[in-house]
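Chain identifiers are assigned alphabetically (A, B, ...) following the order of the sequence lines, protein sequences preceding nucleic acid strands; residue numbering begins at 1 within each chain.
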Amino acid sequence: MVFQRKWNIVLSNPKKRNALSLAMLKSLQSDILHEAESQDLKVIVISAEGPVFSSGHDLRELTDEQSPDYHAEVFRTCSEVMMLIQNHPVPIIAMVNGLATAAGCQLVASCDIAVASDKSSFATPGVNLGLFCSTPGVALGRAVPRKVASEMLFTGEPISAQEALLHGLLSKVVPEGQLEEETMKIAKKIASSSRHVVSLGKAAFNKQLRQDLRTAYHLTSQTMVDNLALPDGQEGIKAFIQKRKPIWAQ
Amino acid sequence: MVFQRKWNIVLSNPKKRNALSLAMLKSLQSDILHEAESQDLKVIVISAEGPVFSSGHDLRELTDEQSPDYHAEVFRTCSEVMMLIQNHPVPIIAMVNGLATAAGCQLVASCDIAVASDKSSFATPGVNLGLFCSTPGVALGRAVPRKVASEMLFTGEPISAQEALLHGLLSKVVPEGQLEEETMKIAKKIASSSRHVVSLGKAAFNKQLRQDLRTAYHLTSQTMVDNLALPDGQEGIKAFIQKRKPIWAQ
Amino acid sequence: MVFQRKWNIVLSNPKKRNALSLAMLKSLQSDILHEAESQDLKVIVISAEGPVFSSGHDLRELTDEQSPDYHAEVFRTCSEVMMLIQNHPVPIIAMVNGLATAAGCQLVASCDIAVASDKSSFATPGVNLGLFCSTPGVALGRAVPRKVASEMLFTGEPISAQEALLHGLLSKVVPEGQLEEETMKIAKKIASSSRHVVSLGKAAFNKQLRQDLRTAYHLTSQTMVDNLALPDGQEGIKAFIQKRKPIWAQ
């Protein structure tokens, strides 16, 4: 058994600007699900080859040569991938070095954490091609203020990495030369925690976000009690009190 | 038939600081609805004459010389104008050059996009006059973080254009001399897209924002399929693949 | 009768880093409720002694020497304190000078307004001890963008006061020497308004935030009409029109 703490997914079709064709989406879905239940998996990093992180859907699949049913399958699959990221038991980090547009921008917005090089940029330019970025708007509108998302969606103009950071689309912006190092530092930090604890916390965090305050506190108070009842919950607290490093079961 | 791509609405009662009296609100409502269904209308810009964008409600209408029913009509009409902006088929841009307070600040917060000169400022000072900015708080609380909105609402103190940009109330801040040029650049960019596509996208974006993720993706995936079935949807994609400029039906 | 405009609550167990033990939480709850109905109380400021604002729960209460029922009581009480802050009739300000972690960070996030010295920092490091900050995530996730909250929750790494301001966790950051003065300026400004008006506004603001736009405007339009019917509502408007200072009944 390989001791696998981190799982790297690389979008590796730079010639096609890492377009999220239906085949690419299915491969991404399968990659994300790969060993999802493995207790050794602690964190996933999604990066890309080439100067474009991802240009979004493959437009050649969206002409009227394909049926509306085929189009529907493309968007359904894409939405499933985006929801899978949030429902996955371990945190998923986007490591972006370049341009992320349309569903590529949606992918960044859907990850739990996103680190980008300062040369990266982000856009939802579908409107310029007559195809409004409505599905990317779901993730974008939950990541940045409405005024920022609206300008991006209605004009298609890109925002810089710094603007994306300012408005909440990114967690961190670093010089290109430090991108991998900084991302791995975050991944490593996450991988040093108990997978069981992180999974419990991630699920509760995403679930409570849309609940009213009372329901949210009711849910998460129970999560805290359940967390304490885990072996790793008690180990962590005991290690802290005993001033030693914890040894996680998971 | 005039080929009308952009519709300018100007608040033009600078002597009264562009107060949103009931008459002004009804005029604004009628202006916003003007040719809303015209296929030539692509974008609306709301600006103002004088150093105050708008000072909010006309307090003379809110004394006890008017009945509670009259007061209720003022707030109902104002709320209808603000919701109309979001439900309108084309994007509405606020172009702000000066002070926007109370319902004036609410108007800026309600627009899809807001561009302001760097001398502009924003406040919800009703609390200082014994009339808490509760209706402006609806739009403000959906534009900026709760901590920022709370301080503005509880103290009445203004924030600068830069702070407003930082916190999501504005899309862009520019020097006064470039305000019109920068706003028109955005308006022109929007007007270069298909009205049909933009309208479909705007409606879906605003609708999905408050939905849970699964419902939001279900709605917008269908919007994408519908968008592709539009003549302008197919024209845009074909033009892109053929490397030519699209010619929109709308 | 003491003319009490402002009520200071001081976390004063610096030796234990102002840990929110069950006893401390109950004392905080009782302090916050102290004279809550007094018409003279206008604003509450929560501060702390020592270099740590609060380190969150007392971990010694969360070992398996205590029963799950006891753990549940700790989190229930903590959640009640946090909700009490939002449901309290007057604005509550956190004045932070130092480190606020876990439930201490949650306390800052739960206040209506938060002012911090530039040396302050904020973290939710529970994950490092095997106890994910699920309840703090409720308040944090409603204060800052999801990407920022996720990184804080999954890595446990602190953010600076400036980052906290940038992302909406704080209302204002000032040099340590000006912290009290700046906080008191805000408190004084709030205390100069009508308590009745502020209470009505605070309740409506927090209630409407999670409602759909139409319901929110329906609720707050009624709040505006009710506000105008208050003696202080009419006094404020008349004073403004007559260009004199208002004299509040409350």
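Considering A/Ser194, A/Pro246, A/Ser193 as possible partners of C/Asn128, the one that fulfils the side chain to side chain contact (heavy atoms under 4.5 Å, CB included) test is A/Ser193.
Looking at heavy atoms from C-beta onward, A/Leu213 lies out of side-chain contact with C/Arg210 at the 4.5 angstrom threshold. The shortest side-chain heavy-atom distance between C/Phe75 and A/Leu228 falls under the 4.5 Å cut-off. When side chains are defined from C-beta on, C/Glu157 counts as touching A/Lys189, because their heavy atoms get closer than 4.5 Å.
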**Request:** For the pair A/Arg214 and C/Glu80, evaluate side-chain contact (heavy atoms from CB on, under 4.5 Å) and give the outcome as yes or no after the intermediate values.
**Result:** CA-CA 9 Å; A/Arg214 182 158 296 278; C/Glu80 278 168 10; 5.6 Å; no
**C/Asp64 vs A/Lys238, side-chain contact (heavy atoms from CB on, under 4.5 Å): CA-CA, chis, key distance, verdict** = CA-CA 9 Å; C/Asp64 54 12; A/Lys238 279 174 193 161; 3.1 Å; yes
**Request:** Apply side-chain contact (heavy atoms from CB on, under 4.5 Å) to A/Ile190 and C/Thr155, showing your working.
**Result:** CA-CA 5 Å; A/Ile190 294 172; C/Thr155 67; 4.0 Å; yes
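Formation of a donor-acceptor pair under 3.5 Å by the A/Gln234 side chain with backbone atoms of C/Leu62 is found in this model. Side chain of C/Arg76 to backbone of A/Tyr217: no donor-acceptor contact under 3.5 angstrom is found. With A/Asn227 contributing its side chain and C/Phe132 its backbone, the two residues share a donor-acceptor pair below 3.5 Å.
With no hydrogens or angles considered, no side-chain donor-acceptor pair links C/Thr135 and A/Thr220 at under 3.5 Å.
In plain terms, the two heavy atoms of A/Asp112 and C/Arg146 that are nearest each other are OD1-NH1, 3.7 Å. Listed here is the closest heavy atom pair of A/Ala143 and C/Pro145: O-CB, 4.2 Å. Taking every heavy atom of both residues into account, A/Ser110 and C/Lys147 meet most closely at N-NZ, 4.2 Å. A/Phe205 approaches C/Gly137 most closely through the heavy-atom pair CE1-O, 3.6 Å. Of all non-hydrogen atoms in C/Glu151 and A/Ile186, the two that sit nearest each other are OE2-CD1, 3.6 Å. Closest of all the heavy-atom pairs between A/Val197 and C/Leu131 is CG1-N, 4.2 Å.
Note that CD1 of A/Ile237 and CD of C/Glu65 are 11.5 Å apart. Values are rounded to the nearest 0.5 Å. With rounding to the nearest 0.5 Å, the separation of NZ in A/Lys202 from OG in C/Ser150 is 8.0 Å.
For C/His71, the parts lying under 4.5 angstrom from a heavy atom of chain A are both the backbone and the side chain. Heavy atoms closer than 4.5 Å to chain A are found in both the backbone and the side chain of C/Leu59. At a 4.5 Å heavy-atom cutoff, the contact between A/Thr223 and chain C is made by side-chain atoms alone.
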